[in-house]
Amino acid sequence: MKAKLLIFPLWLATLALGLITGSAVAASGGALPFSYEADVSNLPSLQRGARIYMNNCSGCHSMKFMRYSRIAQDLEIPEEMMRKNLMLTSDKMGDQIHAAMSGEDAAKWFGQAPPDLSLETRLRGEDWVYSYLKSFYLDPARPMGVNNTVLPGASMPNVLWEKQGWQVQAHHEATADDGHGAAAPFELVSEGSLSPEQFDKYVGDLVNFMAYAAEPGRSMRQEVGVKAIFYLLILTVFAYLLKKEFWKDVH
């Protein structure tokens, strides 16, 4: 009875914490406009994402918990190709990924140094990063001329504008569906080099690579987890048959 009395307050505290967390998320901007689930077993996507990251993000953002050699090994990228196309801030395979821009210059130009992105998807979630990259819109009142609905007042410019084009917030009642059962929150006023569908895939590849970088062993962990569960299921069958054999003469 005492054990049950102790468990009840713990359950109640857990529920309350969940409600508080949910309220905090709602207060910080409500539901995210888009959703994304990474697939770190998709090697072509990770390879494309690595190229997108190095060409568009590594100039300002470091990924100091990753090394070029680890990326080349995991993503099956030949060393020569890695050196020629993806190593833009170093010429040593064993180096960590540092930003090309110094932190001091970044803080002077943008108001603060851009964060390291090694664990960004673990910190904020894949949905958040995906939504953030797709949610820049024109705002003449901002110094960079753009704002972001996921992180209002962000000092980061829309570095993917050439691919995406320029968009504005949809102020009227939109009828277009964004693919997740909700009205599109933006209107495209200037087309980019990619169609909206192509841009979704482009951003998805980038977030997929960031999800891999946040946990390089994730794909192996998931694979081992499936095998372990399968093994335990088989073991359960044999344990049940053994139990029946031991107890068959007990009445």
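- Counting only distance, with no hydrogens or angles, the side chain of S69 and the backbone of G94 share no donor-acceptor pair below 3.5 Å.
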- Message: Quick one, L233 with V237, criterion side chain to side chain contact (heavy atoms under 4.5 Å, CB included). Give me CA distance, side-chain angles, the key distance, then yes/no.
- Response: CA-CA 7 Å; L233 289 174; V237 173; over 6 Å; no
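- Separation of atoms CG (D127) and CD (E37) is listed at 8.5 Å; rounding is to 0.5 Å.
- Judged by distance alone, with hydrogens and angles left aside, the side-chain atoms of N148 form a donor-acceptor pair with the main-chain N or O of Y132 at under 3.5 Å.
- Atoms OG and CD, on S131 and E126 in that order, are 11.5 Å from each other to the nearest 0.5 Å.
- At least one donor-acceptor pair under 3.5 Å links the side chain of S118 to the backbone N or O of F65.
- Using a 4.0 Å cut-off between a side-chain N of Lys or Arg and a carboxylate O of Asp or Glu, E197 and K201 do not qualify as a salt bridge.
- A pairwise comparison of heavy atoms in Q164 and K134 identifies NE2-O, 3.4 Å as the closest pair.
- Taking the side chain as every heavy atom from C-beta outward, I77 and N85 never approach each other to under 4.5 Å.
- Criterion: ILVMFWY side-chain heavy atoms under 4.5 Å apart, direct or through other members. Under it, M81 and F209 are part of a common hydrophobic cluster.
- Within the structure, no pair that satisfies the side-chain hydrogen bond (donor to acceptor under 3.5 Å, both in side chains) test touches residues 232-244, not counting sequence neighbours.
- Checking side-chain atoms of H61 against main-chain N and O of P115 turns up a donor-acceptor pair under 3.5 Å.
- Among all heavy-atom pairs drawn from P33 and V150, the shortest one is CD-CG2, 4.0 Å.
- Between E80 and K84, no side-chain nitrogen of the basic residue sits less than 4.0 Å from a carboxylate oxygen of the acidic one, so the salt-bridge criterion is not met.
- A chain of hydrophobic side-chain contacts below 4.5 Å, direct or via other Ile, Leu, Val, Met, Phe, Trp or Tyr residues, connects W247 to L242.
- Side-chain contact between Y130 and L32 is absent, with no heavy-atom pair separated by less than 4.5 Å.
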- Check the pair L117 / V129 against side chain to side chain contact (heavy atoms under 4.5 Å, CB included), numbers first and verdict last. CA-CA 10 Å; L117 298 183; V129 177; over 6 Å; no
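- To the nearest 0.5 angstrom, L43 atom CG is 9.5 Å from D74 atom CG.
- In terms of heavy-atom proximity, Q96 sits nearest to Y68 at O-CE1, 3.7 Å.
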- side chain to side chain contact (heavy atoms under 4.5 Å, CB included) evaluation trace for S58 with Y53: CA-CA 6 Å; S58 63; Y53 183 90; 4.2 Å; yes
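- For the residue pair L86 and A50, the shortest heavy atom distance occurs at CD2-O, 4.1 Å.
- Side-chain contact check for D200 versus Y36: every heavy-atom pair is 4.5 Å or farther apart.
- Within the 4.5 Å cutoff, no side-chain heavy atoms of P114 are placed close to those of M156.
- Following chains of ILVMFWY side-chain contacts shorter than 4.5 Å, one can reach M101 starting from L88, so the two form part of one hydrophobic cluster.
- The structure places CD of Q47 at 11.0 Å from OH of Y212, a figure rounded to the nearest 0.5 Å.
- Follow the hydrophobic side-chain contacts under 4.5 Å out from V168 and you reach L160 in the same cluster.
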Show me the donor-acceptor pairs within less than 3.5 Å that the side chains of residues 136-145 make with the rest of the protein, sequence neighbours left out.
residue : atom : partner : partner atom : Å
D139    : OD1  : A141    : N            : 3.1
D139    : OD2  : N147    : ND2          : 3.1
R142    : NH2  : G153    : O            : 2.9
R142    : NH2  : A154    : O            : 3.4

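- For the atom pair M82 CE and M93 CE, the distance stands at 5.5 Å (nearest 0.5 Å).
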- Item | Pair C60-V159, side chain to side chain contact (heavy atoms under 4.5 Å, CB included): steps then yes or no | CA-CA 11 Å; C60 298; V159 296; over 6 Å; no
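- Side chains of N56 and Y202 form a contact here, defined as non-hydrogen atoms less than 4.5 Å apart.
- Of the possible donor and acceptor atoms, one in the side chain of Q198 sits under 3.5 Å from a partner among the backbone N and O of S195.
- When all heavy atoms of N208 and A38 are compared, the pair lying nearest together is OD1-CB, 3.3 Å.
- Using a 4.5 Å heavy-atom cutoff, the side chains of V203 and F34 are not in contact.
- Taking the side chain as every heavy atom from C-beta outward, D95 and M87 never approach each other to under 4.5 Å.
- Within the model, atoms CG of D116 and NE2 of H98 stand 9.5 Å from one another, a figure rounded to the nearest 0.5 Å.
- The heavy-atom pair separating G165 from N158 by the smallest distance is O-ND2, 4.3 Å.
- Cluster annotation: F238 and F230 are assigned to the same hydrophobic cluster (Ile/Leu/Val/Met/Phe/Trp/Tyr, side-chain heavy-atom contacts under 4.5 Å, transitive).
- No donor-acceptor pair closer than 3.5 Å links the side chain of E162 to the backbone N or O of S193.
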